[in-house]
Amino acid sequence: MTVLTAPAALPPPFMHDESGALRFWVLTESGQHVGATISKQTLHYSFRGDISGSDALATYAANREVIDAAVRRRVAAGSIEPVMLRERDVPVPARI
């Protein structure tokens with residue numbers, strides 16, 4: 001008899017101080033979890049995050065749909081894990 005178990009829980013997003021990047025995981029269209037990173041500079045310039053990265057988690061949470069969609073686009077285009085997002089990967093929201 002085969003017992004199905006739930007997939008292992010992934011770690012929550014976190015700021016990796018040594019690299020200056022937020023590390024997180026995205027569920028792709030194929031059902032796979034892919035590791036990705038976005039630098040504190042990209043969070044700052046694309047989403048008005050604090051340049052120090054002190055609000056990286058909050059900035060990611062507020063823009064998660066846009067950021068995760070960028071990871072999915074990169075994976076669909078052939079990127080392999082870990083996907084490293086750059087400013088050109090995430091559209092800059094309209095500034096009011």
Side-chain angles (χ1 to χ4, degrees):
M1 179 172 137
T2 302
V3 177
L4 298 176
T5 59
L10 292 172
F14 68 96
M15 188 66 194
H16 185 256
D17 293 327
E18 290 80 15
S19 66
L22 182 80
R23 293 186 179 184
F24 59 100
W25 290 261
V26 175
L27 181 62
T28 64
E29 302 297 328
S30 66
Q32 299 295 319
H33 286 99
V34 174
T37 64
I38 187 168
S39 72
K40 64 184 178 183
Q41 289 87 357
T42 299
L43 289 169
H44 170 72
Y45 291 114
S46 295
F47 303 105
R48 294 186 178 182
D50 187 279
I51 191 65
S52 72
S54 64
D55 64 348
L57 290 171
T59 303
Y60 170 71
N63 298 283
R64 185 174 188 157
E65 288 182 28
V66 172
I67 295 168
D68 288 2
V71 172
R72 289 186 194 99
R73 282 193 304 274
R74 291 277 310 274
V75 169
S79 289
I80 60 171
E81 188 174 20
V83 176
M84 293 175 240
L85 294 181
R86 294 171 179 83
E87 289 176 42
R88 67 177 177 260
D89 297 319
V90 288
V92 177
R95 312 270 179 180
I96 299 175

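All of these numbers come straight from a predicted model, not from anything done at the bench.
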Q. Is the side chain of Glu81 donor-acceptor paired with the backbone N or O of Val34 at a distance under 3.5 Å, no angle test?
A. no
Q.
Under a 3.5 Å distance rule, please check whether Ser79 uses its side chain to pair with a backbone N or O of Val83 as donor and acceptor.
A. no
Using side-chain heavy atoms (C-beta onward) and a distance below 4.5 Å, is [X] in contact with [Y]?
X	Y	result
Thr37	Ser19	no
Arg23	Met15	no
Leu85	Val71	yes
Glu87	His44	no

Q: In plain terms, say whether Arg73 and Asp89 are close enough for a salt bridge, that is, a side-chain N and a carboxylate O under 4.0 Å apart.
A: no
State the [atom1]-[atom2] distance between [X] and [Y], to the nearest 0.5 angstrom.
X	Y	atom1	atom2	result
Tyr45	Ile51	OH	CD1	4.5 Å
Ser39	Leu22	OG	CG	10.0 Å
Phe47	Asn63	CZ	CG	4.5 Å
Thr28	Arg72	OG1	CZ	8.0 Å
Thr59	Arg48	OG1	CZ	12.0 Å
Gln32	Leu27	CD	CG	8.5 Å

**Q.** Polar contact flag, side-chain donor to acceptor under 3.5 angstrom, Asp55-Tyr60
**A.** no
Q: Might you point out which heavy atoms bring Pro13 and Phe24 nearest each other, and give the distance in Å?
A: CB-CB, 3.9 Å
Q) Does one hydrophobic cluster hold both Leu43 and Val66, with members joined at side-chain heavy-atom distances below 4.5 Å? A) yes
Q: Would you check, one step at a time, whether the test side-chain contact (heavy atoms from CB on, under 4.5 Å) holds for Arg86 with Gln41?
A: CA-CA 9 Å; Arg86 294 171 179 83; Gln41 289 87 357; over 6 Å; no
